[in-house]
S.K.: 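Dropping the structure in here first, questions after.
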Amino acid sequence: MHDSYLRAAEIILLGHPFDAPTALNLRLVTKVLPDAEVLGSAEKIAQELAQKPLAAIKASKQLLRRQTRPRVAQAVQDELVEFSERVRSADAREALTAFFEKRHPRFN
């Protein structure tokens with residue numbers, strides 16, 4: 001497995017927050033900008049895309065998605081099944097009870 005996959009998995013599995021530079025390092029985003037530059041950068045990219053043939057842009061997006069669409073659809077389905085099982089679990093009940101009782105959960 002790739003190092004960035006393992007580091008992303010660690011963050012997600014442990015529920016750790018992460019910042020923009022970490023997302024960039026893990027290749028979850030392609031660029032990080034100061035707040036003041038975001039709108040200008042987005043407008044520049046939009047203008048650049050607007051100069052391209054629309055049919056070519058659509059075809060390119062479809063080709064790029066073709067590889068991942070079935071995997072994403074299956075992953076969403078798998079996550080829905082898992083979530084519905086987890087939300088009804090004893091662990092979920094304990095987590096909610098602990099939250100409302102303002103204490104750390106005690107998982108078995």
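Sequence positions, counted from 1, serve as the residue numbers for this chain. Basis for what follows: all heavy atoms, side chains included, without hydrogens, waters or symmetry-related copies.
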S.K.: Hey, what do you get for CG (L64) to CZ (R69), rounding to the nearest 0.5 Å?
M.R.: 10.5 Å
S.K.: Mind checking whether V72 and L80 sit in one hydrophobic cluster, side chains of I, L, V, M, F, W, Y counted as touching below 4.5 Å?
M.R.: yes
S.K.: Measure the CD1-NZ distance between I57 and K61 for me, rounded to the nearest 0.5 Å.
M.R.: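 I57 CD1 to K61 NZ: 8.5 Å, rounded to 0.5 Å.
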S.K.: Within a reach of under 6.0 Å around CZ of R27, are more than 12 heavy atoms found that belong to other residues, nucleotides or ligands?
M.R.: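 Check fails, neighbour count at 12 or below.
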S.K.: Quick test of your reading: applying salt bridge (charged side-chain N to carboxylate O under 4.0 Å, His left out), list the pairs with at least one residue in residues 73-94, sequence neighbours left out, ordered by first then second residue.
M.R.: E82-R86, E94-R103
S.K.: Once rounded to the nearest 0.5 Å, what's the spacing between atom CD1 of I12 and atom CZ of R7?
M.R.: 12.5 Å
S.K.: Distance only, no hydrogens: is a donor on one side chain within 3.5 Å (strictly under) of an acceptor on the other, for T22 and D19?
M.R.: yes
S.K.: Nearest 0.5 Å, what's the CD-CZ distance between Q62 and R65?
M.R.: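 Reported to 0.5 Å precision, the distance equals 8.0 Å.
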S.K.: Should K31 and S41 count as side-chain neighbours, where that means a heavy-atom distance under 4.5 Å?
M.R.: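 Touching, per the 4.5 Å side-chain cut-off.
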S.K.: Transitive ILVMFWY cluster of V29 at side-chain heavy atoms under 4.5 Å: who else is in it?
M.R.: L24, V32
S.K.: Tell me, do F18 and L28 make a side-chain contact under 4.5 Å, heavy atoms counted?
M.R.: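 The answer is yes; the side chains approach within 4.5 Å.
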S.K.: Determine the minimum heavy-atom distance between S84 and V81, stating which atoms define it.
M.R.: OG-O, 2.8 Å
